[in-house]
Amino acid sequence: MALVFIGLGANLGPARENIRQAWGEVGSLAKTILLSLSSPYLSEPVGVASDNWFTNAVGVLETRLSPHDLLTELLAIETKMGRDRSLGHDRPVDLDILYFDAQIINDPDLTIPHPEIAQRLFVLAPLSEVAPDHIHPVSGLTSTAMKQQLLTPFSVKKSSW
C-alpha cells in the first residue's frame, strides 16, 4: 500500500461540509483506506481573483491504486461534487495529490510531489498537523521546516469541524 497525502480545499458553498463529503468519497474508493484528516484551516485566496476565503485540509490515506488512477478518481469526485474547471478559480472542492510515497513523477498530467507545496502555507499548516516530520522527497525538508520558512504575516487560521 502506498502512503498518500491529499490536499483538500473549497471556497464555494458549505466548504467544510464539502471537504468532509469529498474525504468520504475518497474513502469509498476501491483499494483505499483513510488514515487521518487534519483540522480545517481558513485562508485568503492566494494567486486567484476571488472574494471567497478557502477552507483547506490535508488527508492521509493508503491505497493500492496507481498515482494516475488515483488522480482520475479524484477528478471524478471533483466533477461529481460540482467542480467545473472552466468557470474559474472558485470551487466547491479541490483535491490535489501532494505526496505519493516518496515517488517523484513529472508527467504532463501529474506532478508529484505537488510542485507548490513549499510555497503554500495553507497546505503546510494542515500538513504539519498530520505529518510534521514527513520529508519532501526532493528538498529533503520536513513539513514543519517548510512551514517555518513561510511563516510571515499571512492569513491562515486553524478552525474546527
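For clarity, every value in this text was computed on a predicted model and none was experimentally measured.
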Once rounded to the nearest 0.5 Å, what's the spacing between atom [atom1] of [X] and atom [atom2] of [Y]?
X: His136; Y: Leu98; atom1: NE2; atom2: CG; value: 9.5 Å
X: Arg83; Y: Leu75; atom1: CZ; atom2: CG; value: 8.5 Å
X: Arg91; Y: Asn52; atom1: CZ; atom2: CG; value: 11.0 Å
X: Leu35; Y: Met1; atom1: CG; atom2: CE; value: 8.0 Å
X: Glu129; Y: Lys147; atom1: CD; atom2: NZ; value: 9.0 Å
X: Ser66; Y: Ile105; atom1: OG; atom2: CD1; value: 8.5 Å

For [X] against [Y], the heavy-atom pair lying closest together:
X: Leu150; Y: Ala118; result: CD1-O, 3.1 Å
X: Ala131; Y: Ser143; result: O-OG, 3.0 Å
X: Ile104; Y: Pro137; result: CD1-O, 4.2 Å
X: Pro45; Y: Ser50; result: CG-O, 3.4 Å
X: Asp133; Y: Thr142; result: O-CG2, 3.8 Å
X: Phe100; Y: Ala2; result: CE2-CB, 3.3 Å

Heavy-atom side-chain proximity of [X] to [Y] below 4.5 angstrom:
X: Ser159; Y: Tyr41; answer: no
X: His114; Y: Ile97; answer: no
X: Phe54; Y: Asp94; answer: no
X: Leu124; Y: Gln149; answer: no
X: Val60; Y: Leu3; answer: yes
X: Pro113; Y: Val138; answer: yes

Main-chain N/O of [Y] paired to [X] side chain as donor or acceptor, under 3.5 Å:
X: Asn106; Y: Thr111; result: no
X: Asn18; Y: Val93; result: no
X: Glu73; Y: Leu29; result: no
X: Thr144; Y: Ser128; result: no
X: Thr55; Y: Pro40; result: no

(request) Report the C-alpha distance between Leu74 and Val26 in whole Å, list the side-chain angles of each, state the deciding distance to 0.1 Å, and finish with yes or no for side-chain contact (heavy atoms from CB on, under 4.5 Å). (result) CA-CA 7 Å; Leu74 296 180; Val26 171; 3.7 Å; yes
(request) For side-chain contact (heavy atoms from CB on, under 4.5 Å), just list the numbers for Asp109 and His68, CA-CA rounded to whole Å, side-chain angles, deciding distance to a tenth of an Å, and then say yes or no. (result) CA-CA 9 Å; Asp109 60 334; His68 287 89; 3.5 Å; yes
(request) Using only heavy-atom distances, determine whether the side chains of Thr32 and Thr63 contain a donor-acceptor pair under 3.5 Å. (result) yes
(request) Under the side-chain contact (heavy atoms from CB on, under 4.5 Å) rule, what do Arg16 and Leu42 come out as? Steps first, then yes or no, please. (result) CA-CA 10 Å; Arg16 286 186 184 135; Leu42 304 176; 4.0 Å; yes
(request) Using side-chain contact (heavy atoms from CB on, under 4.5 Å) as the criterion, point out the one residue from Leu8, Ile19, Leu71 that pairs with Leu95. (result) Leu8
(request) Carefully, step by step, assess Leu61 and Trp23 under the rule side-chain contact (heavy atoms from CB on, under 4.5 Å). (result) CA-CA 10 Å; Leu61 59 92; Trp23 187 237; 4.0 Å; yes
(message) In terms of relative ring orientation, are His134 and Phe5 parallel, tilted or perpendicular, with 30° and 60° separating the classes?
(response) tilted
